[in-house]
Amino acid sequence: LDPEDLDTALKWADEVIDYRDAYAPDLPVWLGESGHAQFGGQPGASDAFEGTFWWLDQLGALARREIQVSVRQTLSGSNYGLIDDVTLEPRPDYWASVLWRRLLGQRVLEVRRTAIDDLIRVYAHCSYQRPGAVTVLAINLDEESSVRIEVESLSNAGKELYVLTSDGLDSSDVMLNGTLLRDEDGTLPPLEPERVGVRPADLPPRSMGFIVYPNADAPACR
């Protein structure tokens with residue numbers, strides 16, 4: 001959860017992009033077989049809530065670098081599988097991936113911050129299949145302090161909040177807005193947001209939040 005460690009992905013992304021620009025400038029860049037650690041992942045981290053901070057941050061950071069596709073290793077198998085092999089229960093990264101796919105579209109937006117804190121990571125995309133809407137992903141790495149997210153120039157009316165928390169970094173359980181996530185024989189729950197209206201979005205310590213601004217009417221997202 002060290003910001004410098006999270007930024008390591010950008011070092012390698014920039015190196016690959018430089019090679020692409022030099023030798024194949026017309027081709028997109030994809031990332032294949034990405035996981036938390038080599039040789040099946042790190043037990044107690046790759047299969048736990050701790051790893052989800054890395055996973056969502058990498059998706060946001062590489063999308064900002066115009067990496068068009070990230071391939072996750074793996075759906076099932078080893079410690080970095082999105083689903084537990086034995087129980088078939090979704091692991092925390094699975095729930096995070098579902099929310100990413102449902103809430104964030106393919107157009108990446110620039111984020112300019114007025115309060116600088118390396119423990120707060122912020123990304124923004126046009127919302128998925130919601131013209132004009134904007135979705136912000138905020139990651140709070142701080143173990144003690146909550147953080148308040150406010151976006152200037154966007155309408156806060158009808159704002160929707162999805163906050164992921166857990167009882168421990170090494171836990172395989174994850175909660176959405178305080179409710180433990182469980183599938184029912186392979187069927188996902190509704191994954192409904194908290195509708196917070198115009199008040200700011202507050203993220204507790206060591207949490208991740210998707211904040212949807214359905215009435216943003218952003219020109220880039222129409």
Parallel, tilted or perpendicular: which one describes the rings of F53 and F49, with boundaries at 30° and 60°? perpendicular

I want to check something: taking the side chain as every heavy atom from C-beta on, are P92 and L164 in contact at a cut-off of under 4.5 Å? no

P214 to E160 - nearest heavy-atom pair and separation: CG-OE2, 4.1 Å

Can you tell me if D118 uses its side chain to pair, donor with acceptor, with the backbone of P3 under 3.5 Å? no

Distance in Å, E144 CD paired with L119 CG, rounded so as to fall on 0.5 Å steps: 10.5 Å

Do W100 and L137 make a side-chain contact, defined as non-hydrogen atoms from C-beta onward lying under 4.5 Å apart? yes

To the nearest 0.5 Å, tell me how far I83 CD1 sits from E89 CD. 10.0 Å

E194 CD to N177 CG distance, which is reported to the nearest 0.5 Å: 5.5 Å

Counting only heavy atoms from other residues, nucleotides and ligands, does the tally under 6.0 Å from CZ of R107 exceed 12? no

Is any side-chain heavy atom of F210 closer than 4.5 Å to one of L176? no

Is there a side-chain contact between R65 and D14 in this structure, where contact means two heavy atoms from C-beta onward sitting under 4.5 Å apart? yes

Between D173, D84, T52, which is the residue that forms a side-chain contact (heavy atoms from CB on, under 4.5 Å) with R91? D84

Report yes or no: do V196 and V147 belong to one cluster of Ile/Leu/Val/Met/Phe/Trp/Tyr joined by side chain heavy-atom distances under 4.5 Å? yes

Interatomic distance, CD1@I211 vs CG@D202, rounded to 0.5 Å, equals 9.5 Å

Distance under 6.0 Å and angle within 45° of the ring axis: does R102 meet both against Y128? no

Determine whether P90 and L181 make a side-chain contact, defined as any pair of heavy atoms from C-beta on separated by less than 4.5 Å. no

Taking CD in E66 as the centre, count heavy atoms belonging to other residues, nucleotides or ligands within less than 6.0 Å. Is the count above 12? no

Assess whether atom CZ of R113 is packed by more than 12 heavy atoms of other residues, nucleotides or ligands within 6.0 Å. yes

Just wondering, do Q106 and Q68 contact through their side chains at under 4.5 Å, heavy atoms? no

Students often mix this up, so state it plainly: with edges at 30° and 60°, are the rings of H36 and W54 parallel, tilted or perpendicular? tilted

Does one hydrophobic cluster hold both V111 and L154, with members joined at side-chain heavy-atom distances below 4.5 Å? yes

Quick one: which of I67, L6, L31 gives a side-chain contact (heavy atoms from CB on, under 4.5 Å) with Q58? L31

Using a 4.5 Å cut-off on heavy atoms from C-beta on, say whether the side chain of D93 contacts that of R72. yes

Minimum heavy-atom distance between E50 and L1, given as atom pair plus value: O-CD2, 4.0 Å

Shared hydrophobic cluster for V174 and L82 (ILVMFWY, side-chain gaps under 4.5 Å): yes

On a heavy-atom basis, the closest approach of H125 and V108 is CE1-CG2, 3.6 Å

In sequence, state the C-alpha distance, the side-chain angles, and the governing distance for S34 and S70, and then conclude on side-chain contact (heavy atoms from CB on, under 4.5 Å). CA-CA 7 Å; S34 180; S70 291; 5.6 Å; no

Linking I/L/V/M/F/W/Y whenever their side-chain heavy atoms sit closer than 4.5 Å, directly or via other members, would V16 and L10 fall into one cluster? yes

Any chance you could lay out the side-chain contact (heavy atoms from CB on, under 4.5 Å) test for L56 and Y123, step after step, and finish with the verdict? CA-CA 10 Å; L56 284 182; Y123 306 98; over 6 Å; no

Shared hydrophobic cluster for W30 and L75 (ILVMFWY, side-chain gaps under 4.5 Å): no

Is a side-chain N or O of D183 found less than 3.5 angstrom from the main chain of L188, in a donor-acceptor match? no

D217 atom CG, over 12 foreign heavy atoms within 6.0 Å: yes

Calculate, to the nearest 0.5 Å, the distance between atoms CD1 and CG belonging to I120 and L141 respectively. 7.0 Å

Apply salt bridge (charged side-chain N to carboxylate O under 4.0 Å, His left out) to R112 and E110, showing your working. CA-CA 7 Å; R112 295 179 180 176; E110 181 182 359; 3.3 Å; yes

Is there side-chain contact between W55 and M208, with at least one heavy-atom pair below 4.5 Å? no

Backbone N/O of S145 and side chain of N140: donor-acceptor pair under 3.5 Å: yes

For G44 and A48, work out which heavy atoms get closest and say how close. O-CB, 3.6 Å

Do you know which two heavy atoms are closest between S146 and P204, and how far apart they sit? CB-CA, 3.9 Å

Keeping K159 on the side-chain end and R199 on the backbone end, is there a donor-acceptor pair under 3.5 Å? yes

Taking atom CE of M175 and atom CZ of R182, what is their separation to the nearest 0.5 Å? 10.5 Å

How about S127 and T135: does a side-chain donor come under 3.5 Å of a side-chain acceptor? yes

Closest heavy-atom contact between C221 and V134? SG-CG2, 4.1 Å

